[in-house]
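Scroll down for the structure; my scribbles are underneath it.
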Amino acid sequence: MKLIQMTDIHLTAPGGTIGGRDPNANFERAVTHALEQHPDAEALTITGDLSDWGERGDYERLKDRLERLPIPTHLAIGNHDDRETFLQVFPDLADSDGHVQKAFKLSRGTGMILDSWGPASHAGFYCRTRCAWLYKALAVVDGPVFLFMHHHPIPTHIGPADRIMLQDADAFGAVVAANRSKIAHIFFGHCHLPLAGSFHGVPVSAPRGTNHAGFANFGEKDQLLASDLPEAYAVIVVDGPAVTVLMQEYGYSGEVRAEGSPDYADWNKASTIR
Ligand SMILES: [Fe+2]
Ligand SMILES: [Fe+2]
């Protein structure tokens, strides 16, 4: 089973740029790249910050684009989104409490979209109502379950990024810990950094994002940092007992050298024969 995770697409009004990059063009490049390179992907998930500032026009253009994709898409919202505006355009994506959450069937197990949005904050929240929804949703399915959300439930240990992490990580973690045998992986975004780890023994990962890139500087105490690292999305492959998550840096425009080129000769010399 192959899935694509894109995150932090930050769509803007046409022609707008963020960090000198055009998020609409970059999202389109990501979609084109993913469809060409991964025609066997069965679904695309986008883990929030869909619109840069929660604009209705961004959601309308996104909906129109997704309706023309050959594979199903599953959307989470992030801090840059506006839940109310999002749900005006995607009314079917609210759960019975009005959160943007759902479970969806996959060829191997179940995917779940979680809503970590909170009003007037860049941080993430997972209230008692959402925890109750997740407990119930997990109770009625067998594993493996793949969770998709915007905010990071684990710290990056970079101060400015962690001030806007999931504030209710303990409450959310209690649900994860109680279901760790069922939950195969938690996928998130928000940091604009590629990272991986685990939470209560459950593997977690995030790709960089399809537009602007962050940068990890553990000495920076106050400011979030931006860089010119390549745009990326994640390719997720579930094959037997293995879950592989690869960061596909589709925005890289430098040289790619094949075996047989001079630097490969050096590499081969220093290593053993395959
Ligand atoms: Fe973002
Ligand atoms: Fe975010």
Side-chain angles (χ1 to χ4, degrees), residues 4-13 16-31 44-55 58-59 61-62 74-86 99-101 113-126 130 147-169 172 186-196 204-217 220 222-234 247 249-251:
I4 302 294
Q5 180 201 4
M6 294 185 189
T7 197
D8 294 271
I9 62 175
H10 285 264
L11 300 183
T12 60
T17 58
I18 305 167
R21 295 177 176 184
D22 180 337
N24 298 302
N26 273 324
F27 176 58
E28 190 56 40
R29 282 169 70 206
V31 166
L44 164 66
T45 61
I46 311 179
T47 47
D49 286 357
L50 307 170
S51 163
D52 195 36
W53 288 113
E55 305 280 348
D58 298 335
Y59 296 132
R61 285 191 308 282
L62 177 62
H74 305 286
L75 304 178
I77 55 171
N79 51 302
H80 277 256
D81 292 301
D82 181 79
R83 189 194 280 139
E84 195 181 327
T85 310
F86 173 82
H99 297 117
V100 180
Q101 305 202 109
I113 292 287
L114 308 184
D115 181 338
S116 59
W117 185 88
S121 175
H122 285 305
F125 301 91
Y126 211 70
R130 280 172 272 192
L147 301 181
F148 295 88
M149 63 197 296
H150 183 67
H151 291 83
H152 45 308
I154 59 164
T156 61
H157 300 284
I158 299 170
D162 288 349
R163 282 198 285 279
I164 56 170
M165 70 178 282
L166 189 70
Q167 305 296 291
D168 302 312
F172 174 66
I186 302 171
F187 299 93
F188 57 90
H190 189 46
C191 303
H192 295 236
L193 295 169
L195 59 106
V204 306
S205 64
R208 186 180 290 124
T210 61
N211 192 64
H212 38 308
F215 192 77
N217 179 348
E220 174 57 56
D222 298 317
Q223 308 291 326
L224 290 167
L225 301 176
S227 72
D228 296 322
L229 289 163
E231 301 87 348
Y233 61 83
M247 190 168 71
E249 294 184 286
Y250 73 95

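This is a predicted model, so every value here is computed, not measured. In each ligand, atom 1 is the first atom listed, and ligand 1 is the first ligand listed.
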field: side chain to side chain contact (heavy atoms under 4.5 Å, CB included) between T210 and Y250, worked out
entry: CA-CA 9 Å; T210 61; Y250 73 95; 3.3 Å; yes
Backbone or side-chain N/O/S of H80 under 2.8 Å of the Fe ion (ligand 1): no
- prompt: Looking at N211, N24, D52, which one forms a side chain to side chain donor-acceptor pair (under 3.5 Å) with H10?
  reply: D52
- prompt: For the residue pair Y126 and F172, does the interplanar ring angle fall in the parallel (under 30°), tilted (30 to 60°) or perpendicular (over 60°) class?
  reply: perpendicular
Atom name in [X], limited to N/O/S, at shortest distance from the Fe ion (ligand 1):
X    : result
D8   : OD1
H192 : NE2
D49  : OD2

message: Which residue in the set H190, H157, H192 passes ring pair (Phe, Tyr, Trp, His ring centres under 6.0 Å) when paired with H152?
response: H190
query: Short check: any N/O/S atom of H190 below 2.8 Å from the Fe ion (ligand 2)?
result: yes
- request: Would you indicate whether the side-chain heavy atoms of T47 and Q5 approach each other to under 4.5 Å?
  value: yes
message: For N/O/S atoms only: which one belongs to H150 and is nearest the Fe ion (ligand 2)?
response: NE2
